[in-house]
Amino acid sequence: MNKTKGAEGPVTILAIESSCDETSCAICRDGEILSNVIAGQKVHEQYGGVVPELASRAHLQNIVPVVDMALKKAGCELTSLTAIAFTQSPGLIGSLLVGSQFAKSLALSLDIPLLAVHHMQAHVLANLIPQAKPSFPFLCLTVSGGHTQIVLAISPLQMEVIGETLDDAAGEAFDKSAKLLGLPYPGGPLIDKYAREGNASKYNFPEPQIPGLNFSFSGLKTAILYFLQEQTGQDPDFIQKNLPDICASIQGRIISILLNKLKKAAKQTGVRDLCIAGGVSANSGLREAFRELGKQQGWNTFIPPFEYCTDNAGMIAITAYHKYLAGEETPLSVSASARAEW
Ligand code: KG4
Ligand code: ZN
């Protein structure tokens, strides 16, 4: 049976994202996001990182109210939905299972198509949500807590990873540096906040020399550790006295590592439309430096609004919309997967 409703009415998609520690639901009609509700999980702060089992339990508690709120905000009834989308991979398996089982049950009970979405592809396509969109082919620097990639997007559903991290992700570099500075998890936004008051050229952390378009952040983390050990050995209050300058210098180096590779990728591919995406693209220093570099290089630059940078179901919905237009449908036998393969 072909359950696709066809071209007679609007295409309304309900999407669920639950890959890590945000429970989110969005409603998208004909490619426009009508609502994007995101519930974070404070429970992890005290542990200095996401605790997978606690994340799954929080998703179970949050998912019904989040879906309900997304429908209400969009002014949408369950009966007017065309398809249900969900994040299938990658992520924490327990978290993914909550979203995927919920989505499958909803699609089954409403007798409408199910669409599985790859989380990293969705981060890239978050750039198609605003009015001003990049033209294909475009390059996207996708920087999150688990990934750092340069993606060549040839069309909405055709993408190639042309560079990626060999060890830590950019978000991990932020969060692990923050931890060394005694800041709570997730430290990325806090480094961003303190860096605004600091001098980025005060301390010089090394830029790794990795061939090609790949990244490495583990050496930076070690360099910061040794630097802080040495400085606090001489003055135990060193961090407290110099926090803005330390944060600005760490952030400055992470940004230069990211943007130097992006510049190289643009030269190699000849692509002129460039985007950033993922949680770290919420970083104010990266946004500013990316726009500045774009002006220098003559690129057209695109950055999703804040709510579509960190994990959100809006990006899952827009990706599912393109899959729906392409005639894709996922069988109910699909299972969630923690692994990152595209
Ligand atoms: O995409 P995301 O929400 O979740 C993953 O899929 O990982 O990214 C989360 C990451 C965390 O490492 C967090 O510290 C980082 O994004 N992040 C930031 C900022 N906001 C979020 N890093 C630096 N500056 C920010 N303003
Ligand atoms: Zn993400």
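In each ligand, atom 1 is the first atom listed, and ligand 1 is the first ligand listed. Bear in mind the structure is a predicted one, so any value in this text is a computation, not a measurement.
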Would you call [X] a ligand 1 contact, heavy-atom distance under 4.0 Å?
{"X": "Pro189", "answer": "yes"}
{"X": "His147", "answer": "no"}
{"X": "His123", "answer": "yes"}

Output the list of atoms in ligand 1 that are nearer than 4.0 Å to some heavy atom of [X], sorted by atom number.
{"X": "Gly145", "answer": "5 (C), 7 (O), 8 (O), 9 (C), 10 (C), 12 (O)"}
{"X": "Ala282", "answer": "20 (N), 26 (N)"}
{"X": "Gly171", "answer": "12 (O)"}
{"X": "Ser144", "answer": "1 (O), 5 (C), 6 (O), 7 (O), 8 (O)"}
{"X": "Gly146", "answer": "7 (O)"}

If we ignore hydrogens and angles and just use 3.5 Å, is the side chain of [X] paired with the main-chain N or O of [Y] as donor and acceptor?
{"X": "Arg57", "Y": "Pro52", "answer": "no"}
{"X": "His59", "Y": "Cys20", "answer": "yes"}
{"X": "Thr23", "Y": "Asn62", "answer": "no"}
{"X": "Thr148", "Y": "Ala170", "answer": "yes"}
{"X": "Thr232", "Y": "Leu228", "answer": "yes"}

Original post:
Which one holds for Asp175 and ligand 1: side chain close, backbone close, both close, or neither close, with close meaning a heavy atom under 4.0 Å?
Top reply: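 Side chain only; the backbone of Asp175 stays clear of ligand 1.
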Original post:
Of the backbone atoms (N, CA, C, O) and the side-chain heavy atoms from C-beta on, which set of His119 has a member under 4.0 Å from an atom of ligand 1: side chain, backbone, both, or neither?
Top reply: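 Near ligand 1, His119 shows its side chain, while the N, CA, C and O stay back.
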Original post:
So Asn199 and Asp245, side-chain hydrogen bond (donor to acceptor under 3.5 Å, both in side chains) or not? Walk me through it.
Top reply: CA-CA 5 Å; Asn199 171 7; Asp245 290 341; 5.3 Å; no
Between ligand 1 and [X], is the shortest N or O to N or O distance under 3.5 Å?
{"X": "Thr310", "value": "no"}
{"X": "Cys309", "value": "no"}
{"X": "Gly278", "value": "no"}
{"X": "Glu172", "value": "no"}

Original post:
Considering only heavy atoms, which of Asn312, Asp311, Asp192 lies nearest to atom 2 (P) of ligand 1?
Top reply: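 Looking at heavy atoms only, Asp311 sits closest to atom 2 (P) of ligand 1.
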Original post:
Which is closest to atom 15 (C) of ligand 1 in terms of heavy atoms, Leu286, Val280, Leu190?
Top reply: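 The nearest heavy atom belongs to Val280.
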Original post:
If every non-hydrogen atom of Phe215 is compared with every non-hydrogen atom of Ile257, which pair is closest and at what distance?
Top reply: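 So the two residues come closest at CE2-O, 3.9 Å.
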Original post:
Does the pair Glu22 and Asn312 meet the rule for a side-chain hydrogen bond (donor to acceptor under 3.5 Å, both in side chains), with working shown?
Top reply: CA-CA 7 Å; Glu22 255 108 21; Asn312 68 90; over 6 Å; no
Which residue and atom name correspond to the protein heavy atom nearest [atom], and how close is it?
{"atom": "atom 17 (N) of ligand 1", "answer": "Gly279 O, 3.6 Å"}
{"atom": "atom 22 (N) of ligand 1", "answer": "Gly188 CA, 3.5 Å"}
{"atom": "atom 24 (N) of ligand 1", "answer": "Asn283 ND2, 3.0 Å"}

Taking the six-membered ring where the residue is Trp, are the ring centres of [X] and [Y] under 6.0 Å apart?
{"X": "Phe138", "Y": "Phe136", "result": "yes"}
{"X": "Phe205", "Y": "Phe217", "result": "no"}
{"X": "Phe302", "Y": "Phe290", "result": "no"}

Original post:
Around the Zn ion (ligand 2), what protein N, O or S atoms are found below 2.8 Å?
Top reply: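 You should have found His119 NE2, His123 NE2, Asp311 OD1.
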**OP:** For the pair His119 and Glu17, evaluate side-chain hydrogen bond (donor to acceptor under 3.5 Å, both in side chains) and give the outcome as yes or no after the intermediate values.
**Re:** CA-CA 8 Å; His119 183 85; Glu17 153 66 29; 3.0 Å; yes
**OP:** Test Ser89 against Arg339 for side-chain contact (heavy atoms from CB on, under 4.5 Å), laying out the working first.
**Re:** CA-CA 6 Å; Ser89 69; Arg339 290 150 63 106; over 6 Å; no
**OP:** Determine, using the 4.5 Å side-chain heavy-atom cutoff (strictly less than), whether Leu180 and Tyr185 are members of one ILVMFWY cluster.
**Re:**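 No, because Leu180 and Tyr185 fall into different hydrophobic clusters, even though each may have its own neighbours under 4.5 Å.
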**OP:** Take Glu164 and Asn214, measure what side-chain hydrogen bond (donor to acceptor under 3.5 Å, both in side chains) needs, and give me the verdict at the end.
**Re:** CA-CA 5 Å; Glu164 61 192 328; Asn214 290 332; over 6 Å; no
